[in-house]
Amino acid sequence: MEKITIAIDGYSSTGKSTIAKQLAKVLGYIYVDTGAMYRAVTLYAMEKGYVTENKSDIDGLVGDLKNINLKFIYNDTIGFAEMHLNNKNVERKIRTMEVSRLVSKVATIEDVRKKLVLIQKQMGLEKGIVMDGRDIGTVVFPNAELKIFMTASPEKRATRRYKELLDKGEDVSYGEVLKNVEHRDYIDTHREISPLTKAEDAITFDNSDMGLEEQFNRILDFTNRVIKKQKRDVH
Ligand code: DC
């Protein structure tokens with residue numbers, strides 16, 4: 001079967017990773033959550049004191065980037081790969097509000113993006129990959145056979161994220177989460193390097209009023225059509 005590259009971009013908390021993960025499983029593809037990579041670098045920057053709410057020592061962080069080792073390690077029990085930073089599982093730590101508040105700042109740093117984009121391109125050399133993020137269809141895999149651009153209203157996204165955080169036992173208010181979603185949208189779309197934009201050939205997918213099953217079925221349908229076309233073109 002012809003393997004393709006699937007790029008899923010979009011705003012934060014649009015459920016990109018849930019769909020991407022499921023899709024990769026059904027297709028037997030590798031799944032890569034690039035947001036987890038930016039989050040892990042942010043965690044490192046926070047722990048080393050390079051980045052706080054009030055300060056950013058960008059030169060310090062950039063000089064230390066070579067000491068950051070990122071690895072996705074598959075966890076059999078939960079059925080997906082978890083982020084390891086310098087050989088420590090940081091999957092829980094990178095999903096906190098504290099990291100969410102600072103990650104957009106770290107994701108604007110050119111050298112951070114260069115390092116992560118290079119790793120991401122290497123991961124996709126053999127195709128058979130579903131990668132989600134903000135610049136996958138535009139920068140990482142501009143030639144991806146299928147590009148999806150996910151969107152939903154900020155209120156819907158904040159509601160979903162708020163529920164997730166409450167389930168994890170975090171002490172946050174809905175207002176705070178909505179503000180964070182809007183703030184990240186602003187920074188993600190206005191940064192100078194690789195801002196979040198829809199690739200010209202991406203399919204816009206608004207899931208404000210769609211359940212998970214419907215989303216998944218529609219995206220699987222797009223995928224099967226592309227794979228079929230690919231087969232026809234090859235033979
Ligand atoms: O998908 P996420 O919310 O976990 O991503 C966390 C942050 O990382 C998000 O605010 C923007 C940034 N990001 C990015 O700039 N480029 C990517 N390819 C993925 C994420």
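Keep in mind that this is a model prediction, so the values were computed, not measured. Remember, it's 1-based here, ligands and their atoms both numbered in the order they're listed.
- In terms of polar-atom proximity, defined here as any N/O pair under 3.5 Å, R134 does make such a contact with ligand 1.
- Contact annotation for D188 and ligand 1: only side-chain heavy atoms (C-beta onward) come within less than 4.0 Å of the ligand.
- Donor-acceptor pairing under 3.5 Å is recorded for the side chains of D64 and N67.
- Nearest protein heavy-atom neighbour of atom 18 (N) of ligand 1: D135 OD1, 2.8 Å.
- Within a 6.0 Å radius of NZ in K93, other residues, nucleotides and ligands contribute 12 heavy atoms or fewer.
- For the pair K21 and F80, the cation-pi criterion (under 6.0 Å, within 45° of the ring axis) is fulfilled.
- No donor-acceptor pair under 3.5 Å is formed between the side chain of D132 and the backbone N or O of I8.
- The nearest protein atom to atom 16 (N) of ligand 1, hydrogens excluded, is given as R113 NH2, 3.0 Å; this is a heavy-atom distance.
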Inset, instruction - Check the pair R101, E98 against salt bridge (charged side-chain N to carboxylate O under 4.0 Å, His left out), reporting the backbone distance first and the verdict last. - result: CA-CA 5 Å; R101 271 194 288 269; E98 214 188 338; over 6 Å; no
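- Each of the atoms 2 (P), 3 (O), 4 (O), 6 (C) of ligand 1 lies under 4.0 Å from some heavy atom of R39.
- For a threshold of 3.5 Å applied to N or O pairs, the pair formed by S104 and ligand 1 contains at least one separation below that value.
- The protein heavy-atom contact nearest to atom 19 (C) of ligand 1 is T34 OG1, 3.3 Å.
- The shortest N or O to N or O distance between R95 and ligand 1 is not below 3.5 Å.
- Between I227 and E2, the shortest heavy-atom contact is CG2-O, 4.1 Å.
- Side-chain contact between Q22 and I219 is absent, with no heavy atoms from C-beta onward closer than 4.5 Å.
- Remark: ligand 1 and R184 share an N or O pair separated by less than 3.5 Å (distance only, no angle test).
- Within the 4.0 Å heavy-atom shell around ligand 1 one does not find M37.
- At least one heavy atom of R191 sits less than 4.0 Å from an atom of ligand 1.
- The ligand atoms of ligand 1 that sit less than 4.0 angstrom from a heavy atom of A107 are 12 (C), 15 (O).
- Contact of the D111 side chain with the K115 side chain is not registered, since no non-hydrogen atoms from C-beta on lie closer than 4.5 Å.
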